[in-house]
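Data first, discussion second: the structure below is written as C-alpha cells.
Quick note on labels: first sequence line is chain A, next is B, and so on, each numbered from 1. Note that this is a predicted model, so its numbers are computed, not measured. Just so it is clear, the values below take in all heavy atoms, side chains as well, and ignore hydrogens, waters and symmetry mates.
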Number of protein chains: 2
Amino acid sequence: MKNKKINSIEHADVMTDPRRKYYWDRVKYEGRRYPKFHWPTVEMFLNVVLAYDILTTHFARRMAKYGLSISAFNILMILSRSEGKGCKQRDLSSLMLVSRANVTGLIDSLVRQGFVTRTASQKDRRVCIAKITKAGDDLLEQLLPWHYEEMSRVAADMSLQEKENLSRLLTRLRISFVKRLESEE
Amino acid sequence: MKNKKINSIEHADVMTDPRRKYYWDRVKYEGRRYPKFHWPTVEMFLNVVLAYDILTTHFARRMAKYGLSISAFNILMILSRSEGKGCKQRDLSSLMLVSRANVTGLIDSLVRQGFVTRTASQKDRRVCIAKITKAGDDLLEQLLPWHYEEMSRVAADMSLQEKENLSRLLTRLRISFVKRLESEE
DNA sequence: TATTGTTATACTCTATAACTATA
DNA sequence: TATAGTTATAGAGTATAACAATA
C-alpha cells in the first residue's frame, strides 16, 4: 500500500476537480446499457475508493516525512503493542496479510533505519523475533499524538452519530460482500 | 493500484479472522494514552481502509483473469467513453492522477495487449492520442455485464437507503477532510 | 519558453518458487 | 515431513529528472 501521488504537482485537486465528476456522470449515463447496472450501488463503490485514495494519499505523504511507508508504520504499531515481547515474523505476515517473504523485506528496511531489531528465538531457532527499538518507540511517540489529533481534526465536520453510522454501514457492506462471495461457489 | 493478495493461500480470511479484531481492540485500548485519540473517529478510518482492501482485492483478482490491472481497466473505461475520439495521454494523466511517465508505461502495455492504439495528433504533433480498439471494446463488453451484476450481488444485503446513506457519509467525510486540510496552512 | 511524451532510474509493495535450517 | 525465514526473481505502480520534438 500505496505511495501514490506523494508529490503531485502537475494535476489538480482530486476533490474539487470537475473532471472527476465528469467521469462519474459518464459512468452513470453509459451504465444504463447494462441490465444489472444500479447507479446507487456503483456510486457507493466509487465513493469507497475515492475516500480511501484521499485518506491514504494524505497520510502516506505525512508518514513519508518520517521515513515510513504505511506498511512500515503498521508494523511499528503492531510491535509497539506487543508489550516488549516482540512478534514472530510469521505472525506479522498473518496480521498484515502479506507473504513471509514480504515481511523479511519490510523488517530489513526497518532494521536498517534502526527502528526494529531482529533476534533469533531461543525456544525455536527457526523463528525470528522482531522487536521495536527505543528509536522506534520514540518515533511513534512523536508521530501518534499528531496522527490522532489530525484524524479528529479532518473529521471534525461529522457528528459522532455520523461517524458511527459510517462505521456501521461500511461493516455491513463488508459482511454482505464476503457472505455473497462465499455463497457463490 | 494494488495487486494485493491476489492468490493469498497462506493466511486466513480478512473478515472472519479474529486477529484483525484483536489488533483493533489493542489500538482502541492503547489509544487512550493520547489526548486527541477518539475511537469512533479512528474506527471509522480503519473501516474505510478495510472495506477498500476487501473490495479491491476481489475486483483486482477478477480483472487479473482478463489480463487487466485496475489501472488498465480504468484507462479502458475512460477511452470507451470518449466516443471514438480517443484521449490525449496528458488528459489521462490528469484524470487518473498519475504522472505522464506513468501513463506512457500503462499505454505501452495496453498497446502490447492489443486493447489500445496510440496515434500522433494531426493538429499538435507533440500530442499522442490513445484510442480503444475493437478488441478492447469487446473485452469491456464481456467484462462489464458481469462487473455490474457482481457489484449489485455483493451489496444485496443493503437497502437502497443504506447505500445512499453510505455514499452521503463518505462524501461528507471526504469534503470535511479536504476542507480541514486546506484551512491548515 | 512552455508543453507533450519518452527514457532512464529508483523505490515500495506485492507475489511465487526454491532454498536453508530447524523441528 | 512440516515450518520459519531467506533469497531470487518478477511485475505493478509510483516518482523524479533529463531529454527531444513541437508549439
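If you find the closest nucleotide of DNA chain C to A:S109 and to B:I129, the one lying nearer the 5' end belongs to B:I129. Along DNA chain D, the nucleotide nearest to A:V127 and the one nearest to A:D108 differ in position, and the one closer to the 5' end is contacted by A:V127.
Closest to the side chain of A:V98, from the set C:dG5, D:dT7, C:dA15, is C:dA15. Set against D:dA12, D:dA4, C:dT12, the side chain of A:S69 has C:dT12 as its closest nucleotide. The side chain of B:S71 has D:dT14 as its nearest neighbour among D:dG5, C:dC13, D:dT14. Each of D:dT6, D:dG13, D:dA4 was ranked by its minimum atom distance to the side chain of A:Q89; first place goes to D:dT6. Nearest to the side-chain atoms of B:S99 among the listed nucleotides C:dC13, D:dA15, C:dT6 stands D:dA15.
For the pair A:R168/B:N165, no side-chain contact is recorded, criterion being any heavy-atom separation below 4.5 Å from C-beta on. Considering only heavy atoms from C-beta on, A:E162 stays 4.5 Å or farther from A:D157 through its side chain.
The CD1 atom of B:I107 sits 17 Å away from the C1' atom of C:dT7 (whole-angstrom rounding). Taking atom NZ of B:K88 as the reference point, atom P of D:dA23 lies 12 Å away to the nearest angstrom. If you take CG of B:D91 and P of C:dT3, they are 14 Å apart, rounded to a whole angstrom. Computed from coordinates, the B:L110 CG to D:dG13 P distance equals 10 Å when rounded to whole Å. Atom-to-atom, CZ of A:R90 to P of D:dA4 comes out at 5 Å; the value is rounded to the nearest Å. The CG-P distance, from B:L68 to D:dA12, rounds to 11 Å in whole Å. Straight-line distance from the CG atom of A:N102 to the P atom of D:dA4: 17 Å, rounded to whole Å. The nearest whole Å value for the distance from the CE atom in A:M96 to the P atom in C:dC13 is 9 Å.
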Please write out the pairs of protein N or O atoms and N or O atoms of nucleotides 21-23 of chain C separated by less than 3.5 Å, giving the distance to one decimal.
from, atom 1, to, atom 2, distance (Å)
C:dT22, OP1, A:R125, NH2, 3.1
C:dA23, OP1, A:R125, N, 3.0

Might you list the N or O atoms of the protein lying below 3.5 Å from N or O atoms in nucleotides 17-20 of chain C, with each pair's distance?
none

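Between A:R112 and A:D108 there is no salt bridge, since none of the side-chain N atoms of the basic residue sits less than 4.0 Å from a carboxylate O of the acidic one.
Placement of A:V127 and A:I132 in two distinct hydrophobic clusters is found when ILVMFWY residues are connected by side-chain heavy-atom separations under 4.5 Å, directly or transitively.
Geometrically, B:R62 does not engage B:Y66 in a cation-pi contact defined by less than 6.0 Å to the ring centre and at most 45° from the axis.
Of the inter-residue distances, the one linking A:L55 atom CG with A:M151 atom CE reads 8.5 Å to the nearest 0.5 angstrom.
The aromatic rings of B:Y148 and A:Y34 are tilted relative to each other, their planes meeting at an angle between 30° and 60°.
Between the side chain of A:Q113 and the main chain of A:G67, a donor-acceptor pair closer than 3.5 Å is present. Between the side chain of B:T171 and the backbone N or O of B:S167, at least one donor-acceptor pair lies under 3.5 Å.
Residues A:K131 and A:T117 bring no donor and acceptor atom of their side chains to less than 3.5 Å of each other.
Residue A:T104 places none of its side-chain N or O atoms closer than 4.0 Å to OP1 or OP2 of D:dG5.
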